[in-house]
Structure formats: structure tokens, C-alpha cells
Amino acid sequence: MLYFSYGKEMYRLKTEKLSTSNKDIARAAALLKGGGLVAFPTETVYGLGANALDGSAVEKIFKAKGRPSDNPLIVHIYDINQVSSLVLEVNDNAKRLMEAFWPGPITIVMKKSDKIPSSVSAGLDTVGVRMPENPVALRFLKACGVPVAAPSANTSGKPSPTLASHVAEDLDGKIDAIIDGGQCSVGLESTVIDVSSEVPMLLRPGGITFEQLTEVLGHVVLAFECKEGAAPRSPGLKYQHYSPSAPVYVVRGDFDEYVIQNSKKYEKVGVITSNKADYPSNCIVKRFDSEPASYAANLFAYLRSLDGEGVQVIFAQDIDCKGINLATNNRLYKAAGYKIANFKGGRLI
Ligand code: TXA
Ligand code: MG
């Protein structure tokens, strides 16, 4: 099938669209091993893969995404035996994390070996390695046989793709193939944790929660706030990410009253909430249920879909930071560029 629908339109794809059949997975692996770029599903988001040991293939990723070259890539594996040649040492903390959470939505940053090209590590002396648990991802990685460098398969700065059609929206004609494996179950990118030094640093909250990490490691430092002027430890964190075209505001306090008062100023408003209120008729409402995992799985799709509807502004309800909500909140605040409206008693406070 060479056609993809997004919104109301049908597009003919220039990029090859592949299924999850054995034949198509073998085709995808052959394209990758030949130096090509292949988007594939994982349990977090779709990844844009290239042979991690081939520096010039990896450089194509940066070009296709418009990604700054100082932002390192995660290396994906299907077998734990692949790790030893990619890193200098698998220390005790790394071992504990692998045992507890691999395969799964967690990237472990360790000191890199000489096998990792500098385009993958963006000049750092470390590399992030992840074994995904999505069965299609594992079959594809196994068919490739080489470690696969893969960032999220979106244009840099856009929300990460949780459907193959999102990848096509951003990268059609710029990459060789997309494997369509349906919707990603976690829906937010992996947890990134640096265990290359003594104190483990949580660089990006994700599918494996802070609570789960501290249970396994004891002390973990939160290192992902990126206030202006502070040097982020993970290069990717200094770029604005996950942003739809419409400005996003995170609303704290009286959400419904804020929306009712402020939506008057616009023709079309996007609203992301778990509340059940009746909002004005110019609001397009994305309602998440009280299950945190389901909000995490849908946030990026909500942002893309509201953009597709042409809303001028998005008001999103603030949520707590427990469990997976820490990651959802982190992506939401980034999408908002940290624009927060504190609204109580009919006015901003
Ligand atoms: O869930 C995921 O992690 C997805 C799927 C495809 O696996 N991949 C992904 O990759 O989100 P990307 O490139 O969009 O985000 C990787 C993040 C970036 O913020 C990058 O700076 C950070 O991980 N990172 C990668 N290697 C690092 C390293 N050696 N040290 C510090 N941060 C690193
Ligand atoms: Mg990304």
C-alpha cells in the first residue's frame, strides 16, 4: 500500500511503506545494511534507524531530521551480548538496570568504545544504549544484525511520532522506508539515565519511572530541568522539543474557568483536559481519562491532531508528577516552552 491518509487527505508516499511480514522486515533490514534510513516502531515512539557502525549512514539521519549535530543518538540492540563491544565497561549500576528493565523503555548511558562513530555520540565520550521490547522492533533489529542508531522519527522540534502516518507526515521522501507497526504503546520516549559516573543521573523521564529507578539504584539525581542559562547534561534537552505549531499554555488552578474566559479571544482553540465540562463551541477538546498511561500514550497524537485541525492556541490542564506523569508533564511543559497560566478566582495569579 503506497497511500497514507492524514487528516482528510490521501497522500501517495515517496518513501517505501513496509508491513511487519517477515519478507518486509528482511527488506527493511537490507535497506539499512546498505546504508539507508528506515523508520521502525518501538514501544515508546517510532525511531529513524541507520547502521550505528557506519558514520556516513548516521550522518544522513541528522540531515533528514534537520537535527543539530551536537545531539547524540541512542544505539538500539536486540541481544544483551551486543553491549560489550559498544561500551568500555558495564558497571554494577548498568547491570542492575539491564536486569530490571531490559527489554524496555530505558536508555542507559555508559562510556563508549572506539566502535561508536563520533557522529553517533556527537563527540561525547559516552553512548546511550537501549533494548526495546516491541516485538517488531526486536525482529527488525535482529534481521539487521548490527547495532542501530535511532532518534525519534520526527522532524527536529516536532512532537515524536507514535503512528507510522506521523513519520510520513514529517519525513516522506527523505528516508528509504517506514515499517508500519501500528500505535506505540508507551507513547513517550524512553527514560534516559547516565550511569557513566558514580551518581546515576536521570537525564530524561520516560516509560521507566523515577520511582522504579530509585527502587533499583537507591539514589538517582534528577538532571533534566533545563532552566535558561543552565548547561543541560543531555545535549538534546537544550532544544525546544515536541512542539506543535500553535502555542501551548499549561493551565494550573481553575482550568474550566480559564478556558471559558480565554477561548473568546480566538476562533479555534485546542483543549487538553480530563475534566468533563462543556466548553465553548470554538473549542476542540482532547479528553484524557484518569489512567496516566493512557494520557502518556496519547499526548503527542493530541498535539499533532490539534495542529491538523488548525487551532490557534492550545490550553492543556496541568497534571501531577507521580509515576509516568513526570514524563508526560515534562513533554507538555516543553511543548509549551514553559508558558504557564496560574488561574484562580477568575484571574491570573
Ligand atoms: O524512546 C526513545 O528513546 C526513542 C526510540 C526511537 O528509541 N528515541 C529517542 O531518541 O527518543 P532521540 O534522539 O529523539 O532522543 C535521545 C535523547 C536526546 O535528548 C539525546 O540528547 C539524549 O537522548 N542522549 C543520547 N545519547 C546521549 C549521551 N551519550 N549522553 C547524554 N544524552 C544522550
Ligand atoms: Mg527526539
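Counting convention: from 1, in listed order, for ligands and their atoms alike. Owing to the predicted nature of the structure, the values given are computational and were not obtained by experimental measurement.
- At a heavy-atom distance under 4.0 Å, no atom of D194 approaches ligand 1.
- When heavy-atom distances to ligand 1 are checked against a 4.0 Å cut-off, R67 comes that close only through its side chain, counted from C-beta outward.
- Using a non-hydrogen distance threshold of 4.0 Å, S121 does not register as a contact of ligand 1.
- One side chain, T107 or S190, offers a donor N or O that lies under 3.5 Å from an acceptor on the other.
- Of the polar atoms of S152, at least one N or O is found under 3.5 Å from an N or O of ligand 1, judged by distance alone.
- The distance from ligand 1 to the heavy atoms of H76 drops below 4.0 Å at these ligand atoms: 5 (C), 6 (C), 7 (O).
- Every atom of ligand 1 with a heavy atom of I74 under 4.0 Å away is listed here by number and element: 3 (O), 8 (N), 9 (C), 10 (O), 16 (C).
- Between the side chains of S160 and R331, no donor-acceptor pair of N or O atoms lies under 3.5 Å.
- Of the charged side-chain nitrogens involved, at least one lies within less than 4.0 Å of a carboxylate oxygen, so that R304 and D170 count as a salt-bridged pair.
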Task: Y78/F140 under side-chain contact (heavy atoms from CB on, under 4.5 Å): CA gap, chis, key distance, verdict - done: CA-CA 9 Å; Y78 66 94; F140 170 61; over 6 Å; no
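- Ligand 1 does not have K112 within reach: every non-hydrogen atom of the residue lies 4.0 Å or more from it.
- Between D318 and Y333, the side chains place a donor N or O and an acceptor N or O closer than 3.5 Å (distance only, hydrogens not considered).
- For a distance bound of 2.8 Å, the N, O or S atoms of S160 include none lying that close to the Mg ion (ligand 2).
- Taking every non-hydrogen atom of T126 and a distance limit under 4.0 Å, the qualifying atoms of ligand 1 come out as 28 (C), 29 (N), 30 (N).
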TODO: Might you work through the salt bridge (charged side-chain N to carboxylate O under 4.0 Å, His left out) test for R130 and E43, ending with a clear yes or no?
DONE: CA-CA 12 Å; R130 172 160 117 81; E43 72 277 21; 2.9 Å; yes
